[in-house]
Amino acid sequence: MGAEVDVVIIGGGLAGLAAARRLHRAGVPWRLVEASGRLGGRVATEVIDGHLIDRGFQVLNTAYPRLGTLLDTDQLNLGYFTSGVLVRKGDNLRRLVNPVREPTGGPGTALAGVGSLLDRLRFAALATGCATLPTSRLLAAPETSTETALRRAGLSDAIIEELLRPFLSGVFIDRELSTSSRVLAMVLRSFARGRIGLPAEGMAALPAAIAAPLPADLLDLDTPVAEVSPGRVRTQAGDIRCRAVMVAVDPPAASALLPTLARVRMHSYTTYYHSAPEPPLTEPILLVDGDRRELVANTVVLSNAAPTYAPAGRHLIATSVVGPTAPPEPTIRAELTRLYGRSTADWTHLTTVAVPEALPAAPPPQGQLRKPVALGEGLFVAGDHRDSPSIQGALTSGWRAAGAVLDELRAG
């Protein structure tokens, strides 16, 4: 290759693409190298028998602040979920919704029978505080684990075990709820302020839209990086000389390229995809298990929110399990029969997607959620392990790392 450029970005995931957009806007010469044959990193979509299969259950929150910098979400043609959850308790499904988003569901939520009425009022107060207080105040509050924060808010075992643990375990991929309370505050803020949806063409439409304004000839796919050092990136095609290197790959790969970088523990999960001739629910709403069986984190009929996820006459169901061990599909199918309260005998198992390194663990202390991106000697790092473990965190870290690169180049 033998090329020379101001900035080399390693990794074509959300963080790398956000960084490329900022550098391109600033007029700084850059190149992006990506080991695989596609952009998007951990965000990917494939087609199986006419169904859109994302790389695990992923959604987009319209309240993520960095999204508006990079694209108009209208271009994604989002299909939205109900702002709430269904909870399976014995023979009943209890429906709890955000009364701000779903005003007609407020009375039913108050009488839902998940935890006590006082529990639901206290949780509503917690979520409202996260949505309305300045971010600086939320990040200045004493930091603890998510479980401890919920208990300090006065919530009972009943509502934690029947609703919040199964729901948040799917969000954080952390059944122990050991995730920092500051991450919890940011998540509750985004859920209260935004809408949750799916792009009509699958989650891969998100990185595609972010990459669309970038010149294709600056994006080098199928280009693994063997070594990084100040001022040089060694690839299989040759060396690239540069003034700055940004490593924007997943945490394990980042640690391999930058040995001084602290290793990050990763959470894993598995999503089972089924196709059914009839939807087990007609509402686009997440279903969680309030019976404390601790197997399925959540299940949802994706095609109720985004009909394009399934071909005509079929419906797509995604079911997620937290942890490194994936139960056999028949075990999950039996749980789905119980959760939905109807037979799954005529369902077709399309695929099981295991994501062993899905999200970085974020236990306390996380501080202000913004870890250093400038490592010295012209080396930079980006990814959701440098901010919050989320799509927002990946985008923000890439944007922030590009800003640090620009500052150093200008100073130099």
Side-chain angles (χ1 to χ4, degrees), residues 1-42 66 69-70 207-208 210-264 370-387 393-412:
M1 184 176 286
E4 190 167 329
V5 69
D6 276 4
V7 187
V8 176
I9 303 167
I10 303 171
L14 296 180
L17 292 173
R21 285 286 299 276
R22 186 167 187 179
L23 294 174
H24 193 65
R25 180 180 298 182
V28 172
W30 60 274
R31 292 196 77 82
L32 184 149
V33 293
E34 162 59 42
S36 73
R38 62 170 184 84
L39 298 173
R42 280 173 272 160
R66 188 51 59 193
T69 309
L70 297 164
I210 295 171
L214 300 173
D217 60 348
L218 299 182
L219 304 170
D220 297 325
L221 303 181
D222 296 309
T223 308
V225 171
E227 184 183 345
V228 166
S229 59
R232 189 191 69 178
V233 173
R234 174 160 291 175
T235 76
Q236 293 180 353
D239 288 2
I240 310 174
R241 297 289 179 178
C242 54
R243 298 171 64 192
V245 180
M246 183 188 304
V247 176
V249 295
D250 61 77
S255 297
L257 289 173
L258 300 168
T260 60
L261 203 63
R263 291 191 174 272
V264 177
R370 294 194 163 191
K371 301 174 183 65
V373 293
L375 305 181
E377 298 186 282
L379 299 176
F380 299 82
V381 63
D384 57 358
H385 55 109
R386 311 313 292 171
D387 278 79
L395 296 175
T396 295
S397 75
W399 191 265
R400 186 162 61 91
V405 169
L406 292 173
D407 289 343
E408 183 161 309
L409 293 181
R410 288 165 184 152

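The basis for the numbers below is simple: all heavy atoms, side chains too, and nothing from hydrogens, waters or symmetry mates. Source: prediction; values computed, not measured.
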Contact check, side chains of [X] and [Y], non-hydrogen atoms, under 4.5 Å:
| X | Y | result |
| --- | --- | --- |
| Val381 | Lys371 | no |
| Pro215 | Trp30 | yes |
| Leu14 | Pro207 | yes |
| Leu70 | Trp399 | yes |
| Leu17 | Leu214 | yes |
| Met246 | Val405 | yes |

- Message: Counting only heavy atoms from other residues, nucleotides and ligands, does the tally under 6.0 Å from CZ of Arg263 exceed 12?
- Response: no
- Item | Under-4.0 Å salt bridge between Asp220 and Arg31 | yes
- Looking at Arg243 and Glu408, does any basic side-chain N land under 4.0 Å from a carboxylate oxygen? no
So does [Y] get a backbone contact from the side chain of [X], meaning a donor-acceptor N/O pair under 3.5 Å?
| X | Y | answer |
| --- | --- | --- |
| Arg386 | Ser397 | no |
| Thr260 | Leu258 | no |
| Arg400 | Val373 | no |
| Arg234 | Ala237 | no |
| Glu34 | Ser36 | yes |

Check [X] against [Y] and note the closest heavy-atom contact, atom names and distance.
| X | Y | answer |
| --- | --- | --- |
| Ala382 | Gly398 | CB-CA, 4.0 Å |
| Leu39 | Ala211 | CD1-CB, 3.8 Å |
| His385 | Val264 | CB-CG2, 4.2 Å |
| Cys242 | Val233 | SG-CG2, 4.5 Å |

- Under the side-chain contact (heavy atoms from CB on, under 4.5 Å) rule, what do Asp239 and Glu227 come out as? Steps first, then yes or no, please. CA-CA 9 Å; Asp239 288 2; Glu227 184 183 345; over 6 Å; no
- Message: Using the side chain to side chain contact (heavy atoms under 4.5 Å, CB included) definition, which of the options Val249, Val33, Leu23, Leu218 pairs with Ile9?
- Response: Leu23
- Task: Could you check Leu261, Val245, Val247 and say which one makes a side chain to side chain contact (heavy atoms under 4.5 Å, CB included) with Leu379?
- Result: Val245
- Report the C-alpha distance between Arg21 and Ile210 in whole Å, list the side-chain angles of each, state the deciding distance to 0.1 Å, and finish with yes or no for side-chain contact (heavy atoms from CB on, under 4.5 Å). CA-CA 8 Å; Arg21 285 286 299 276; Ile210 295 171; 4.1 Å; yes
